[in-house]
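Contents: one structure, followed by commentary.
Reckoned from all heavy atoms, side chains included, excluding hydrogens, waters and symmetry mates. A note on names: the letters A, B, ... follow the listed sequences, proteins ahead of strands, and every chain is numbered from 1.
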Protein chains: 2
Amino acid sequence: MSGFNVGARLKQLRLRATLSQRELAKRAGVTNSTISLIEQNSVSPSVSSLKKILDAMPVSISEFFAGEQTSQERVFYRASELTEIGDGQLSWRLVGARRPNRSMSIIHERYPPGADTGADMLEHEGEEGGVVVAGTIELTVDGEARLLTAGDAYYFDSRLPHRFRNVSDSECVIVSANNPPSFSDGSGERHHH
Amino acid sequence: MSGFNVGARLKQLRLRATLSQRELAKRAGVTNSTISLIEQNSVSPSVSSLKKILDAMPVSISEFFAGEQTSQERVFYRASELTEIGDGQLSWRLVGARRPNRSMSIIHERYPPGADTGADMLEHEGEEGGVVVAGTIELTVDGEARLLTAGDAYYFDSRLPHRFRNVSDSECVIVSANNPPSFSDGSGERHHH
DNA sequence: TGTCCTTGTTGAAGATCCTTGACGGCATGA
DNA sequence: TCATGCCGTCAAGGATCTTCAACAAGGACA
């Protein structure tokens, strides 16, 4: 039912990196036994352990499970099916998140009043652009700020430092695209007890 | 280090599905306490538990971690400055038309009632996707038709024959993107969306 | 042969996850 | 006001994951 063989997948990646169980364990900060048991599917590792192990290869967790996606190339997405990649404050809903080798990221973005991508400017490879669908947004690119309202648009080289901020008192909605596909994610830390 | 907030992500998905901790737990075959502890990052769930929970939404494990990937001229356009490339019946307004070596075409599209890209299906290189902002559109891709309404989205390989048609009695608005850009600047040749 | 290194496996002990069964808070409604 | 129901949280203990430490098998070298 699981449909995904964690042990086999780990072994495959480990061998691809030409690492022994012990060597991988050492880099990952776990014991060789852990690797052994996981590879035999004798246990189902915790996400935290799995992540430690993958980080040592390195392979992202998302990549680890990449084979799990049914490789289906979907065309239609209901609004509720878009993949939320926002941080709780602002909402970014990605179209076709699971699509393999997507050439663009198309995102339905909602910025409540006060929402802000942060004073430390974003910078990454590629190009991005979008259209403001509703509300007002303050967009700063390379030091130049502008207020955009419904119907206005933007397009810039993503290497230029940029920032989105809703300085109005109503929600702002944007549909954006960027190429090559990239998106960041809020971060957090797990704690022990 | 973790860089990925499992608890917040689970909560986000659960709320999107409008499920309580108890209801999700019931469907997943775990207890509500498990959900609670995971959402608080008090524990790092085992992969098997996480999978049971996600299966109940349903969300693939790959999708769960989709946001985990690390991220890595003229900028502003007033609505009136977008370049109209429609045919008089429907309106397509291109963002950054004159930008050299643009990697995408982002288009603000308006389809009045009855508007139609034509019975002879469009086919061209690249990929395209978009979000329906208002109204309803009938999108046919590779023989399969679907009605999309505000908030819905699509993404497909542009080589598949496709057609957009507004079969409702109100205007439909879409923001779309395609890559590589199918439209060069304002001059002459238009090839199709 | 013998030693030394590496490999992956495994039982028992320890650490963590998960469930049981409670609790208080906040609604709805008798 | 009290009952009912659903919400999310939490302590304790059982279930599972992870480590520790030992083991056997194989290769390299003398």
Fill in: First encountered from the 5' end of DNA chain C, between Leu50(B) and Ser42(A)
Ser42(A)
Item to complete: Identify which nucleotide among dT18(D), dT19(C), dG8(C) has an atom closest to any side-chain atom of Ser20(A), counting heavy atoms from C-beta outward.
Response: dG8(C)
Worksheet entry | For atom CD1 of Ile38(B) and atom P of dT9(D), their distance in whole Å | 12 Å
Fill in: Position toward the 5' end of DNA chain D (nearest nucleotide), Glu39(B) or Ile35(A)
Glu39(B)
Worksheet item: Atom CD1 of Ile53(B) to atom C1' of dC17(C): distance rounded to whole Å?
Response: 11 Å
Discussion item. What is the separation between atom CG on Leu24(B) and atom P on dC18(C), rounded to the nearest whole Å?
Written reply: 14 Å
Item to complete: Verify whether one side chain among Ser168(B) and Thr136(B) offers a donor that lies under 3.5 Å from an acceptor in the other.
Response: no
Worksheet entry | Sugar-phosphate, base or nothing in reach of Leu37(A), heavy atoms under 4.0 Å | base
Discussion item. dT10(C), OP1 or OP2 - any side-chain N/O from Gln40(A) closer than 4.0 Å?
Written reply: yes
Response to the item:
Which of dC17(D), dC23(D), dC18(C) is nearest the side chain of Ser46(A)? It is dC17(D)
Discussion item. Nearest whole Å is fine: how far is dG8(C) P from Glu23(A) CD?
Written reply: 10 Å
Discussion item. At less than 4.0 Å, is any side-chain N or O atom of Arg14(B) found next to OP1 or OP2 of dG8(D)? Yes or no.
Written reply: yes
Fill in: Nucleotide nearest Ser36(B) (side chain, heavy atoms from C-beta), chosen from dC18(C), dC17(D), dT9(D)
dT9(D)
Fill in: Value in whole Å for how far the C1' atom of dC17(D) lies from NZ of Lys52(A)
12 Å
Worksheet entry | Side chain of Gln21(B) - closest among dC17(D), dT9(D), dT9(C) | dT9(D)
Worksheet item: What is the distance, rounded to the nearest whole Å, between atom CG of Asn41(A) and atom C1' of dG8(C)?
Response: 16 Å
Worksheet entry | Polar side-chain atom of Tyr155(B) near backbone of Met104(A) as donor-acceptor pair, under 3.5 Å | yes
Worksheet entry | Base of dT7(C) paired with side chain of Asn32(A) (donor-acceptor, under 3.5 Å) | no
Worksheet item: Would a 4.5 Å heavy-atom cut-off, applied to side chains only, mark Asp142(B) and Phe156(B) as touching?
Response: no
Practice prompt. For Gly29(B) and for Arg22(B), find the nucleotide of DNA chain C with the closest heavy atom, then tell me which residue's nucleotide is more 5'.
Written response: Gly29(B)
Item to complete: Find out whether Arg146(A) and Asp152(A) are in side-chain contact, i.e. whether some heavy atom of one side chain is under 4.5 Å from a heavy atom of the other.
Response: no
Response to the item:
Here the distance between atom C1' of dC17(D) and atom CG of Leu10(A), to the nearest Å, is 15 Å
Worksheet item: Any side-chain heavy atom of Val173(A) sitting closer than 4.5 Å to one from His108(A)?
Response: yes
Item to complete: Establish, from distance only, whether the side-chain atoms of Ser36(B) and Ser33(B) form a donor-acceptor pair under 3.5 Å.
Response: no
Worksheet item: Of all the nucleotides listed (dC18(C), dT18(D), dT19(C)), which has the minimum atom distance to the side chain of Ser33(B)?
Response: dT19(C)
Fill in: Interatomic distance, Lys26(B) NZ vs dC7(D) P [rounded to whole Å]
10 Å
Discussion item. Check this one for me: any side-chain N or O of Thr31(B) less than 4.0 Å away from OP1 or OP2 of dT19(C)?
Written reply: yes
